[in-house]
There are 2 protein chains.
Amino acid sequence: MTTTIGIGQLARRSGVPIDTVRHYERIGLLKPAARLASGYRRYGEAEQKRLRFIRRGKALGFTLDEIQALLSLGSSRDVARVRGAASERLADVERRIAELTRVRDGLRALIAACPGHGRAEDCPILNALSQESEP
Amino acid sequence: MTTTIGIGQLARRSGVPIDTVRHYERIGLLKPAARLASGYRRYGEAEQKRLRFIRRGKALGFTLDEIQALLSLGSSRDVARVRGAASERLADVERRIAELTRVRDGLRALIAACPGHGRAEDCPILNALSQESEP
DNA sequence: CTTGACTCTGGACTTAAGTCCAGAGTTTAG
DNA sequence: CTAAACTCTGGACTTAAGTCCAGAGTCAAG
């Protein structure tokens with residue numbers, strides 16, 4: 001049988017605060033945990049993975065709803081739907097990368113053009129801030 | 001003299017809801033607007049630009065606090081500080097792009113490997129969801 | 001057994017960023 | 001002038017994602 005751990009250890013191992021683990025259970029992002037006779041929650045490998053998955057997703061800017069959607073794919077029987085959902089996610093990510101790349105290029109150009117000293121009127125960054133072009 | 005417009009027109013032109021414009025004023029992201037004798041707010045070119053800047057920033061995932069920081073650079077006298085702040089922003093953006101690029105590549109690989117039909121056990125997307133590697 | 005660490009619950013509180021509202025006054029097109 | 005459209009204020013409400021708390025019970029080391 002697999003070892004199970006308490007909520008404190010789960011929290012430490014997965015990098016998610018205890019309160020947040022309970023919160024995720026409350027909102028249904030995690031299944032109700034198994035309990036000891038005392039009422040203490042017990043967790044196995046599966047929920048550790050799930051929690052780490054959630055943490056990674058959040059770090060990437062997905063909302064909990066989006067993460068839940070991703071996770072629920074795992075229980076889908078319909079492989080085509082899974083693939084479609086993954087494609088939508090991909091399109092999202094690509095759009096965000098494109099936007100950020102534009103910003104990055106803009107910032108790079110400004111920084112490169114700014115002498116880093118002298119009069120404010122000569123600073124291209126300040127000038128750009130006061131009149132940007134449309135996105 | 002420049003034409004000035006009311007809050008409704010400002011909202012339409014800058015793509016920000018009226019209530020949100022007032023909200024921005026309440027929280028200090030916009031300066032208190034000029035007023036007519038009636039109390040109606042009046043806006044000029046400058047605040048239209050500012051609002052559009054804010055909208056763009058939000059679209060890129062910056063918080064209002066970050067946007068305010070960016071905007072306040074415009075009133076900074078210290079060109080070196082402006083340059084430094086812009087560099088920090090750039091580093092941020094680059095980090096986010098790198099993260100998203102990893103996700104994109106992962107998703108692409110999964111989608112490419114998924115046949116889009118057949119048994120769930122053969123779907124690499126579902127398999128990846130149940131056991132991801134660490135970020 | 002005792003002590004310190006851990007866990008339980010339900011609910012209140014927080015932050016960010018709005019969004020909505022009522023009731024009153026203002027502007028403008030016809 | 002009248003009606004429709006616009007704007008004002010202050011405050012209440014919303015959503016997302018936690019975060020904190022009190023008071024009570026439980027577990028583990030010595």
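Throughout, a chain's letter reflects where its sequence line sits, starting with A, and its residues are numbered from 1. Note that the coordinates shown come from a computational prediction; the quantities given were computed from them, not determined experimentally.
If you check every strand for non-hydrogen atoms under 4.0 Å, B/Ile18 touches sugar and phosphate atoms only.
Between A/Arg42 and the choices A/Leu36, A/Thr3, A/Leu10, the side-chain contact (heavy atoms from CB on, under 4.5 Å) rule is met once, by A/Leu36.
The CD-P distance, from B/Gln9 to C/dT27, rounds to 15 Å in whole Å. We find that CD of B/Glu25 is positioned 16 Å from C1' of C/dG18, with the value rounded to whole Å. Counting to the nearest Å, the P atom of C/dT15 and the CG atom of B/Asp65 are 12 Å from each other. Computed from coordinates, the B/Arg42 CZ to D/dC6 P distance equals 13 Å when rounded to whole Å. In this entry the distance linking CZ of A/Arg12 with P of C/dA5 reads 13 Å, nearest Å. Between A/His23 atom NE2 and C/dA12 atom P the separation is 16 Å, expressed in whole Å. Taking atom CG of B/Asp19 as the reference point, atom P of D/dC8 lies 11 Å away to the nearest angstrom. As rounded to whole Å, 12 Å separates atom C1' of C/dC8 from atom OH of A/Tyr43.
Comparing C/dG18, D/dA17, C/dT27 by their nearest atom to the side chain of A/Thr63 picks out D/dA17. Residue A/Arg26 has its side chain nearest to C/dA12 when only D/dC27, D/dT7, C/dA12 are considered.
Nearer to the 5' terminus of DNA chain D, by closest-nucleotide assignment, is the contact made by A/Tyr24 (compared with the other of A/Tyr24 and A/Tyr40). In this structure, B/Leu36 and B/Leu64 both approach DNA chain C, and ranking their closest nucleotides by distance from the 5' end singles out B/Leu64.
B/Thr20 has a side-chain polar atom (N or O) that falls below the 4.0 Å cut-off from OP1 or OP2 of C/dT19. A close approach under 4.0 Å does occur between a side-chain nitrogen or oxygen of B/Arg35 and OP1 or OP2 of D/dT9. Not one side-chain nitrogen or oxygen of B/Lys58 sits closer than 4.0 Å to the OP1 or OP2 atom of C/dA16. OP1 or OP2 of D/dC27 sits under 4.0 Å from a side-chain N or O of A/Ser38. At C/dT9, one or more side-chain N or O atoms of A/Arg41 fall inside 4.0 Å of OP1 or OP2 (strictly under the cut-off).
Contact of the A/Lys31 side chain with the A/Glu25 side chain is not registered, since no non-hydrogen atoms from C-beta on lie closer than 4.5 Å. Residues B/Ile27 and B/His23 have side chains in contact (heavy-atom distance under 4.5 Å, counting atoms from C-beta outward).
Salt-bridge check for A/Glu94 with B/Arg108: passed, with a basic side-chain N closer than 4.0 Å to an acidic carboxylate O. Of the charged side-chain nitrogens involved, none lies within less than 4.0 Å of a carboxylate oxygen, so that A/Arg102 and A/Asp105 do not count as a salt-bridged pair.
A donor-acceptor contact under 3.5 Å is not formed by the side chain of A/Arg22 with the base of D/dG18.
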